[in-house]
Amino acid sequence: MSAGMPTLKDAIEAISALRRHGGRVHCLTNDVAQAFTANVLLACGAAPSMTSSPREVATFTAGAGSLSVNLGTLQTERMEAIRIAVSAARQHNVPFVLDPVKADISPPRLAFARDILGGGPAILRVNASEAEALGAGRESQLAPCMAVTGEIDRISTSEGTLTVANGTPLMDRVTAVGCAQGAVMAALLIHSETPAQAALAAILWFAIAGESAAGTAGGPGSFAANFIDRLYDLPLTSIEERASIR
Amino acid sequence: MSAGMPTLKDAIEAISALRRHGGRVHCLTNDVAQAFTANVLLACGAAPSMTSSPREVATFTAGAGSLSVNLGTLQTERMEAIRIAVSAARQHNVPFVLDPVKADISPPRLAFARDILGGGPAILRVNASEAEALGAGRESQLAPCMAVTGEIDRISTSEGTLTVANGTPLMDRVTAVGCAQGAVMAALLIHSETPAQAALAAILWFAIAGESAAGTAGGPGSFAANFIDRLYDLPLTSIEERASIR
Amino acid sequence: MSAGMPTLKDAIEAISALRRHGGRVHCLTNDVAQAFTANVLLACGAAPSMTSSPREVATFTAGAGSLSVNLGTLQTERMEAIRIAVSAARQHNVPFVLDPVKADISPPRLAFARDILGGGPAILRVNASEAEALGAGRESQLAPCMAVTGEIDRISTSEGTLTVANGTPLMDRVTAVGCAQGAVMAALLIHSETPAQAALAAILWFAIAGESAAGTAGGPGSFAANFIDRLYDLPLTSIEERASIR
């Protein structure tokens, strides 16, 4: 773990604070992920609001604790709503997380992702292909905190890098787990001193809740329900015991 | 319980009739709630139709047993669809339920809710803040039946008021439970003599199925599945035994 | 079973190949069915992509193994996306499945279904009422393979007809099971020699996973989770033992 990076203790404090104090996250996410994301936020102690109507999104964002922006399923009205929300977030100092899902596959999505990156997300959540498409490299940090997810998750800031080696393959068999993680990073921003603290907390919470949920799952259907149950009640001591951070 | 208000027996008869005879409810609900609402209606014995396409919604509404209108996530096309559906409902005597979710937070949603209230819903389903924003008071009854939900649910008509004190906090940890309840009120309108009978039946069914589901739930994920199971098979005698109506 | 029609062994080979080799299906489905469809595809070993944005759908379709088109909830932008996707599919030889849900109820949907039929789906998945509305009869075959679902499922091609008599009534109590089946037919097209092989494989897989899931379900909520678990791990020998094909 690099100096200046968040510690396991920091991560646990953010989780504990979210569970105790809550906070509202406004989510502009793809329509496949909406219901699961709302349920994950509720299980984690946060309050979701989800409207993607351009006529409403500024009000909902201005009063939120944080904003989560996910670029799947870019309907025209949702793109307009995202621009309005990011602008409202800047104006009202509402921090936001950007997840440019599959921007590596779709050129218009990549162009739009670059635009929204200009709005200054606190956390950019990507996988390796998306990071490469956006031009991230060893030397270029595209946001104060980048969370590059994969078999090993990697968090980087200008202060350094750390990795987390927890999780279960069943998480890849349930749609929207990654999208929901971006929203939980946003919820944790409300209770974190740095974006990297929120990113680390969300990654550990998901990975270790996933490990625990997989233990009693009969497949991806029961895993999804178990996973939400464990986000809700996972003991902080389990995170302490199982966290594999470097 | 005030004279002229529905009784526990009336509520149970409506539930029993819906389970035996079914009926189609056309639902214009927010996109977060759509799948859960459809699954809840199916578990309750009703048949959902869900399209929010303006070019189709008049046909689907005209032939439905009832209509459920929920104002979350107001995209332009959905607003147009709601206006068309409410107009078709009036023309064909299809009763409808209005749930103006979070109209207290968003001024354009509040204005739209007032418009749709003018269309004459049989039941207005609100929480206390939404009711206040819409101008409801002790003296003003905004619809033939108002169902004001909260820790204690309150049903009021020009005949009087009654309250239900059942339920479980886990219901607040699953998204769209309230939205789905509005749709079940609509389904029960098909088999009720008064709107208040449908509202009471839906409130009791949800609250007592929720209590039963919570008993075996490991958290909000398994609760959501259990809750649908209990809506499906909750014995009517459980409702009789546990109902706390005043 | 008619000569020239797929056998049980053909169906099992397609399922086995999908589980081993995967493949991406682009899905243009109604917004109620999106999340469940994605989860079903993941459980079956396929990779879903779901965007219905007209500006992205040609790219996503051109690179997919197959396309699944479902006509529920016809918003303007989704209709445009469907036209673009079907055109991209023809151009890039990506086979597609068409499911014109409830086209018998809604005249504009029926007209649109006829248009899309002109694009040449490999499989037309319908129920009896939809088939009739589209003008199918004993003599007219509207696509290389028609899968007419019902209590008994019927697959027909110019070579002949076969029927499958498996399944459980609980499948009708969960929304989007049929829609998801269309997407799995598309996934199986990637690993089948004929459309009828893919249709038979999907019908058997769903029906027998459903029978198995119903055995331990406490209602439609737990059934939905069990069903996804069984799609994921149903032994091929169970399909062999239980298949009721004529």
Side-chain angles (χ1 to χ4, degrees), chain B residues 19 22 24 26-64 73 75-78 80-81 174 180 209 212-213 216-217 221-234, chain C residues 29-40 50 52 70-82 100-113 133 169-180 213-214 216-229:
Chain B
R19 282 181 166 170
R24 182 163 67 78
H26 194 72
C27 298
L28 288 164
T29 190
N30 67 81
D31 40 25
V32 185
Q34 286 190 126
F36 187 74
T37 298
N39 279 324
V40 161
L41 285 172
L42 288 166
C44 291
S49 59
M50 312 292 292
T51 185
S52 58
S53 161
R55 60 180 63 75
E56 299 191 306
V57 78
T59 308
F60 274 95
T61 301
T73 71
Q75 290 90 341
T76 305
E77 227 175 338
R78 187 160 292 161
E80 190 189 342
V174 177
S212 176
T216 54
S222 49
F223 173 76
N226 287 356
F227 176 62
I228 287 179
D229 286 355
R230 294 297 80 75
L231 288 174
Y232 178 69
D233 69 5
L234 187 71
Chain C
T29 190
N30 67 81
D31 39 26
V32 184
Q34 288 190 124
F36 187 74
T37 299
N39 279 325
V40 161
M50 311 291 293
S52 58
N70 174 298
L71 303 189
T73 70
L74 285 184
Q75 290 91 340
T76 305
E77 226 174 339
R78 187 160 294 160
M79 289 175 77
E80 190 189 342
I82 289 173
V101 197
K102 293 187 185 163
D104 51 320
I105 295 185
S106 163
R109 203 180 290 195
L110 185 63
F112 188 62
L170 270 175
M171 297 173 86
D172 296 328
R173 291 286 194 140
V174 177
T175 196
V177 169
C179 302
T216 53
S222 49
F223 173 76
N226 287 358
F227 177 62
I228 287 179
D229 286 355

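What you see is a predicted model, and the numbers here were worked out from it, not measured in a lab. Per chain, numbering begins at 1; letters A, B, ... match sequence-line order.
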Task: Greatest number of heavy atom pairs closer than 4.5 Å to chain C - which of B:Ala225, B:Ala81, B:Ala224 - done: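 If we count pairs closer than 4.5 Å to chain C, B:Ala225 comes out on top.
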
- [ ] Mark yes or no for whether B:Glu77, through its side chain, and C:Thr76, through its backbone, hold a donor-acceptor pair below 3.5 Å.
- [x]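 Here the side-chain-to-backbone pair exists.
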
Task: B:Asp229 side-chain N/O to C:Ser222 backbone N/O, donor-acceptor pair under 3.5 Å - done: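 Checking the backbone N and O of C:Ser222 against the side chain of B:Asp229, a donor-acceptor pair under 3.5 Å is found.
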
Task: Within residues 49-59 of chain B, residues adjacent to chain C where the heavy-atom gap is under 4.5 Å - done: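 Residues in range: B:Ser49, B:Met50, B:Thr51, B:Ser52, B:Ser53, B:Arg55, B:Glu56, B:Thr59.
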
Open item on the list: Heavy atom to heavy atom, less than 4.5 Å: which residues from residues 28-38 of chain B reach chain C?
Closed with: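 Under the 4.5 Å heavy-atom cut-off, B:Gln34, B:Ala35, B:Ala38 qualify.
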
- [ ] Go through C:Pro220, C:Pro107, C:Ala176 and name the one with the most non-hydrogen pairs under 4.5 angstrom from chain B.
- [x]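 Answer, by heavy-atom pair count under 4.5 Å with chain B: C:Pro220.
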
Task: Within-4.5 Å side-chain heavy-atom neighbours: B:Leu234 and B:Ser212 - done: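 B:Leu234 reaches B:Ser212 side chain to side chain.
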
Task: Counterpart residues, salt bridge (charged side-chain N to carboxylate O under 4.0 Å, His left out), relative to B:Asp233 (two or more places apart) - done: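 Only B:Arg230 meet the salt bridge (charged side-chain N to carboxylate O under 4.0 Å, His left out) criterion with B:Asp233.
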
For [X] and [Y], which heavy atoms make the closest approach, and how far apart are they?
X: C:Ile82; Y: C:Asn70; result: CD1-O, 4.3 Å
X: B:Pro48; Y: B:Leu42; result: CD-CD2, 3.6 Å
X: B:Leu231; Y: B:Ala209; result: CD2-CB, 3.8 Å
X: B:Arg19; Y: B:Tyr232; result: NH2-O, 3.6 Å

Task: Distance (rounded to the nearest 0.5 Å) between C:Thr175 OG1 and B:Leu41 CG - done: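 Here the interatomic distance stands at 9.5 Å.
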
Task: Distance (rounded to the nearest 0.5 Å) between B:Ile228 CD1 and B:Asn39 CG - done: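 Separation between the atoms: 5.0 Å.
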
Task: Which portion of C:Leu170 sits near chain B, non-hydrogen atoms under 4.5 angstrom - done: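 Just the side chain, heavy atoms under 4.5 Å.
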
Open item on the list: Taking ring-ring contact (aromatic ring centres under 6.0 Å, His included) as the definition, give me every residue that meets it alongside C:Phe223, ordered by chain and number, with sequence neighbours left out.
Closed with: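 Per chain and number, C:Phe223 pairs via ring-ring contact (aromatic ring centres under 6.0 Å, His included) with C:Phe227.
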
